[in-house]
Undergrad: 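Please read through the structure below; I'll follow up with questions.
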Amino acid sequence: MLHRNRYFGKYGGSFSAETLVPLLIEIEEAFEEFKKNRQMKEELEIMLKNYAGRPTPLFYAKNLSKKIGIDVFLKREDLLHTGAHKINNALGQMMLARMMGKKRVIAETGAGQHGVATATAAAYLGFECMVFMGEEDIKRQAPNVRKMKLLGAEVIPVKSGSKTLKDAINEALRFWIANAQDTYYLIGSVVGPHPYPRIVRYFQSVIGRETKIQFKMLKNRLPEALVACVGGGSNAAGFFYPFIDQKDVKLFGVEAGGSLKDKKKNSASLNYGKPGIFQGCLTYVLQDKSGSVLEAHSVAPGLDYPAVGPEHSFWKDTSKVEYGVVYDEEALEYFEILSKEEGIIPALESAHAVAFLEKLAKKGLKEAVVCLSGRGDKDLETFFKIRANSYQ
Ligand SMILES: *Cc1c(COP(=O)(O)O)cnc(C)c1O
C-alpha cells in the first residue's frame with residue numbers, strides 16, 4: 001500500500017540509497033497515520049493559531065492596485081512568527097517526528113531561513129536540533145547563524161565540496177543514516193525523495209485553504225489568478241494546491257531569472273532547465289550539456305536552488321500552472337515599490353511574485369492574489385548595499 005503514490009506523472013519518485021529506504025518508509029507511515037488522527041491535527045491547528053499566528057490576513061493592496069492597474073490581494077505569510085511560511089512546515093513535520101518517538105531533528109540550510117524555522121519549532125516542542133550549513137553560507141549569513149544558536153540549535157559547519165547547500169544536504173544525509181534511531185530529517189521545501197514533497201505540500205496547503213475561504217468571504221467567488229514565487233516551491237505548492245483543479249483560476253509560479261546583466265546565471269529550472277535526477281527525485285534541473293548540475297543564482301537567497309519540487313515539473317508539463325521569470329533588478333524595484341506604496345517590506349523572494357503583477361496587468365488580467373511568502377528584514381543589508389547611492 002505504501003510507496004504507491006511516489007510520482008507526479010513521471011516526476012518525483014525516490015531515487016535514494018538503499019540505506020535510506022527504510023527511513024523514508026517509516027516517515028511515510030507516520031504521515032499516513034497523522035492524516036487520519038483528528039486529535040493530532042487539532043493540536044497542530046492550535047499551534048499554528050496561537051504560536052505561529054494563523055490565519056494570516058488576506059489584504060487588499062489598494063495603493064499598489066492603483067499603481068499597476070490590477071486588483072492585488074496579498075496573502076500575508078510575512079506576518080507569521082519568524083517572518084515567513086517556513087514555520088508551517090517546521091511545526092507540521094515536528095509533529096511527525098514526535099509521533100515517531102524521535103528526540104532530535106536535523107535540517108540543512110542555505111540562507112539560514114529553514115534553519116531558523118526548524119530551530120524555532122524545535123525550541124518550542126523540546127527537540128534537540130542540529131542544522132547543517134556550508135562554511136561559505138555560514139560566513140554569508142552570520143545573523144541567521146547567531147539566531148539559530150540563540151534558539152538552542154547546534155550549527156554544524158560543512159567543509160566539503162563548494163561548502164554550500166548541496167554539501168550541507170550530503171552531510172545531513174550521512175548523519176541521518178548513522179543516527180536514524182533517534183533522528184528525524186526535516187526537509188524545508190517540496191523537494192527530495194518521496195514522501196517529502198507530499199508532506200511539505202500538505203503542511204503548506206493551509207495557505208491556499210485559508211485564501212479560498214477569505215476570498216469567498218470578500219467577493220463570494222474565486223479569484224481570477226494566484227501568484228507565488230518558486231524556489232524549491234513550497235509556498236507556491238501550498239498556495240496553489242487547493243485551487244489546482246479549479247479551471248477558472250489561473251495559477252502563476254515565478255522563478256528567479258538572476259541578473260539581467262548575465263541571463264545565463266539564474267535559478268529558473270522550469271524555464272531553463274531539463275528533467276534530471278537530483279537529490280532523490282526526477283524533476284527539472286539546471287544542467288549543462290553533459291548533465292552536470294549548474295550553480296543557481298538569484299539576489300533572493302531562498303530562490304537560489306538549481307532544481308524545483310517534482311510536482312511543479314508535473315504542473316508545468318500539464319499546463320496546470322504557468323511559470324514565468326522575474327529578474328533581480330525587477331524584484332529589487334518591487335521591493336521598493338511595495339515598501340513605499342503599502343508600508344510593507346517584502347522578502348526579496350516574495351518581491352519576485354509582486355513584480356510579476358506588472359506582466360499580468362499587461363496581459364489584461366484584472367485581479368490577482370499574491371502569496372507574500374515572507375518579510376524583508378533579512379534582506380535589508382543586501383538591498384542597501386545595491387542601492388547605496390539612493391539611501392545616504
Ligand atoms: C525559503 C523562502 C522561499 C522559497 O522557498 P519555497 O519552498 O519555494 O517556498 C520563498 N520566500 C521566502 C520568504 C522564503 O524564506
Undergrad: Are Ile345 and Ile68 joined in one hydrophobic group, where the rule is that I, L, V, M, F, W and Y side chains link up if heavy atoms are under 4.5 Å apart?
TA: no
Undergrad: Check for a donor-acceptor pair, side chain of Glu28 on one end and backbone N or O of Pro195 on the other, with a separation under 3.5 Å.
TA: no
Undergrad: Would you say that Tyr184 contacts Ile106 through its side chain, given a criterion of any heavy-atom pair below 4.5 Å between the two side chains?
TA: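 Not in contact.
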Undergrad: So with a 6.0 Å cut-off around NZ of Lys274, is the heavy-atom count from everything else above 12?
TA: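 Correct, the count exceeds 12.
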Undergrad: Please say whether more than 12 non-hydrogen atoms of neighbouring residues, nucleotides or ligands are located less than 6.0 Å from NZ in Lys67.
TA: no
Undergrad: From Tyr196 OH over to Ile27 CD1, what is the distance, rounded to the nearest 0.5 angstrom?
TA: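 The OH atom of Tyr196 sits 3.0 Å away from the CD1 atom of Ile27.
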Undergrad: Return the NZ to OG1 distance between Lys316 and Thr283, rounded to the nearest 0.5 Å.
TA: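 Nearest 0.5 Å value for the NZ-OG1 distance: 11.0 Å.
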Undergrad: If you look at every heavy atom in Ala368 and Leu357, which pair is closest and at what distance?
TA: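 That closest heavy-atom pairing would be CB-CD2, 3.7 Å.
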Undergrad: Between Asp167 and Lys163, what is the shortest heavy-atom contact and its length?
TA: OD2-N, 3.0 Å
Undergrad: Does a sphere of radius 6.0 Å around CZ in Arg38 hold more than 12 heavy atoms from other residues, nucleotides or ligands, not counting ones at 6.0 Å or beyond?
TA: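 No.
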Undergrad: Indicate whether the side chain of Thr183 and that of Lys102 have a donor and an acceptor atom separated by less than 3.5 Å.
TA: no
Undergrad: Assess whether atom CG of Asn220 is packed by more than 12 heavy atoms of other residues, nucleotides or ligands within 6.0 Å.
TA: no
Undergrad: Is there side-chain contact between Met47 and Leu125, with at least one heavy-atom pair below 4.5 Å?
TA: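 Side-chain contact under 4.5 Å: yes.
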Undergrad: So does Val72 get a backbone contact from the side chain of Ser65, meaning a donor-acceptor N/O pair under 3.5 Å?
TA: yes
Undergrad: For Ala300, does its backbone N or O pair with a side-chain atom of Ser298 as donor and acceptor, under 3.5 Å?
TA: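 Present.
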Undergrad: Is there a side-chain contact between Val131 and Ile156 in this structure, where contact means two heavy atoms from C-beta onward sitting under 4.5 Å apart?
TA: no
Undergrad: Which atom names give the shortest non-hydrogen contact between Ala236 and Val230, and what distance separates them?
TA: CB-CG2, 3.9 Å
Undergrad: Would you check, one step at a time, whether the test side-chain contact (heavy atoms from CB on, under 4.5 Å) holds for Cys371 with Ile207?
TA: CA-CA 8 Å; Cys371 183; Ile207 306 174; 4.1 Å; yes
Undergrad: Check the side chains of Glu33 and Asn37 for a donor-acceptor pair under 3.5 angstrom, ignoring hydrogens and angles.
TA: no
Undergrad: Hey, do the aromatic rings of Phe59 and Phe73 have their centres closer than 6.0 Å?
TA: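 Between Phe73 and Phe59, which both carry aromatic rings, the centre distance is not below 6.0 Å.
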Undergrad: Is there a donor-acceptor contact under 3.5 Å linking the side chains of Glu255 and Asn271?
TA: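 Yes - a donor-acceptor pair under 3.5 Å links their side chains.
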Undergrad: Tell me whether Asn235 contacts the main-chain N or O of Cys229 through its side chain, where contact means a donor paired with an acceptor under 3.5 Å.
TA: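 Between the backbone of Cys229 and the side chain of Asn235 there is a qualifying donor-acceptor contact (under 3.5 Å).
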Undergrad: Would a distance-only check, ignoring hydrogens and angles, find a side-chain to backbone donor-acceptor pair under 3.5 Å from Asp379 to Leu348?
TA: yes
Undergrad: For the side chain of Arg198 and the backbone of Asn5, is there at least one donor-acceptor N/O pair under 3.5 Å apart?
TA: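 A pair under 3.5 Å: yes.
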Undergrad: Within this structure, what is the OH-OG1 distance for the pair Tyr11 and Thr318, rounded to the nearest 0.5 Å?
TA: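 The distance works out to 9.5 Å.
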Undergrad: Can Tyr391 and Glu336 be counted as having a side-chain donor-acceptor contact under 3.5 angstrom?
TA: yes
Undergrad: Is it the case that the side chains of Ser162 and Glu136 hold a donor-acceptor pair, with the cut-off being a distance below 3.5 Å and no angle test?
TA: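 Checked: Glu136/Ser162 side chains show no N/O donor-acceptor pair below 3.5 Å.
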Undergrad: Quick one about His85 and Ser234 (side-chain donor to acceptor, distance below 3.5 Å, no hydrogens or angles considered), yes or no?
TA: yes
Undergrad: Salt-bridged, Asp377 to Arg375, with N to O below 4.0 Å?
TA: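 Salt bridge present between Asp377 and Arg375.
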Undergrad: With a 4.5 Å limit on heavy-atom distance, are the side chains of Phe31 and Tyr202 in contact?
TA: yes
Undergrad: Measure from the side-chain N and O atoms of Lys41 to the backbone N and O of Lys35, and report whether any donor-acceptor pair falls under 3.5 Å.
TA: yes
Undergrad: Return yes if some donor-acceptor pair links the side-chain N/O of Ser292 with the main-chain N/O of Asp288 below 3.5 Å, else return no.
TA: no
Undergrad: What about Leu24 and Ile169, same hydrophobic cluster or not, with Ile/Leu/Val/Met/Phe/Trp/Tyr joined at side-chain heavy-atom distances under 4.5 Å?
TA: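 They do share one cluster, since a chain of ILVMFWY contacts under 4.5 Å joins Leu24 to Ile169.
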Undergrad: Say whether, by atom type as modelled, one donor and one acceptor occur between the side chain of Glu210 and the main chain of Thr56 under 3.5 angstrom.
TA: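 Indeed, once roles are kept as given, a pair shorter than 3.5 Å links the two residues.
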Undergrad: With heavy-atom distances below 4.5 Å as the criterion, would you say the side chains of Lys212 and Gln246 are in contact?
TA: yes
Undergrad: Is it true that the side chains of Tyr185 and Glu108 contain a donor and an acceptor less than 3.5 Å apart?
TA: yes
Undergrad: Do Phe203 and Phe34 have ring centres separated by under 6.0 Å?
TA: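 Distance test on ring centres: under 6.0 Å, yes.
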Undergrad: Leu365 and Ala225: which non-hydrogen atoms are nearest, and at how many Å?
TA: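 Scanning both residues, the minimum pair turns out to be CD2-CB, 3.6 Å.
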Undergrad: Would you give the length of the straight line joining atom NZ of Lys320 to atom NZ of Lys250, rounded to the nearest 0.5 angstrom?
TA: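 Between Lys320 NZ and Lys250 NZ, I get 15.5 Å after rounding to 0.5 Å.
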Undergrad: Are the side chains of Met40 and Met95 in touch, meaning some heavy atoms are under 4.5 Å apart?
TA: yes
Undergrad: May I ask you to test the Thr82-Gln113 pair for a side-chain heavy-atom distance under 4.5 Å?
TA: no
Undergrad: Hey, quick one: are Leu165 and Leu173 part of the same hydrophobic cluster, counting side-chain heavy atoms closer than 4.5 Å, chains of contacts allowed?
TA: yes
Undergrad: Treating Asn63 as the side-chain partner and Glu341 as the backbone partner, does any N or O pair qualify as donor plus acceptor under 3.5 Å?
TA: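 Yes, Asn63 side chain to Glu341 backbone: donor-acceptor pair under 3.5 Å.
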Undergrad: Please check if the distance between the ring centroids of Tyr334 and Phe356 is under 6.0 Å.
TA: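 Distance test on ring centres: not under 6.0 Å, no.
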Undergrad: May I have the step-by-step check of side-chain contact (heavy atoms from CB on, under 4.5 Å) for Glu154 and Cys129, ending in yes or no?
TA: CA-CA 6 Å; Glu154 190 182 349; Cys129 179; over 6 Å; no
Undergrad: If you round to the nearest 0.5 Å, how far is CG of Leu74 from CG of Leu64?
TA: 7.0 Å
Undergrad: Are Lys166 and Gln279 linked by a side-chain donor-acceptor pair shorter than 3.5 Å?
TA: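 No, because no side-chain N or O of Lys166 sits under 3.5 Å from a partner of the opposite role on Gln279.
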Undergrad: Would you sort out whether Asn89 and Gln204 count as a side chain to side chain donor-acceptor pair (under 3.5 Å), showing the intermediate values?
TA: CA-CA 6 Å; Asn89 171 54; Gln204 292 293 4; 5.5 Å; no
Undergrad: Between Tyr323 and Trp315, does the side-chain contact (heavy atoms from CB on, under 4.5 Å) criterion hold? Intermediate values first, please.
TA: CA-CA 9 Å; Tyr323 295 90; Trp315 288 343; 3.6 Å; yes
Undergrad: Run the side-chain contact (heavy atoms from CB on, under 4.5 Å) check on Thr109 and Phe132 step by step: do they pass?
TA: CA-CA 6 Å; Thr109 199; Phe132 293 81; over 6 Å; no
Undergrad: Which atom pair, heavy atoms only, marks the closest approach of Ala30 to Met100?
TA: CB-CG, 3.5 Å
Undergrad: What pair of heavy atoms forms the shortest contact from Tyr284 to Gly273, and how long is it?
TA: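 Heavy atoms only, the tightest pair is CD2-O, 3.7 Å.
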Undergrad: Would you say that Glu77 contacts Leu372 through its side chain, given a criterion of any heavy-atom pair below 4.5 Å between the two side chains?
TA: no
Undergrad: May I ask you to check whether Asp71 and Tyr60 show a side-chain donor-acceptor distance below 3.5 Å?
TA: yes
Undergrad: Check Arg98 with Glu43, please: is the shortest side-chain N to carboxylate O separation under 4.0 Å?
TA: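 Judged by the 4.0 Å cut-off on N to carboxylate O distance, Glu43 and Arg98 do form a salt bridge.
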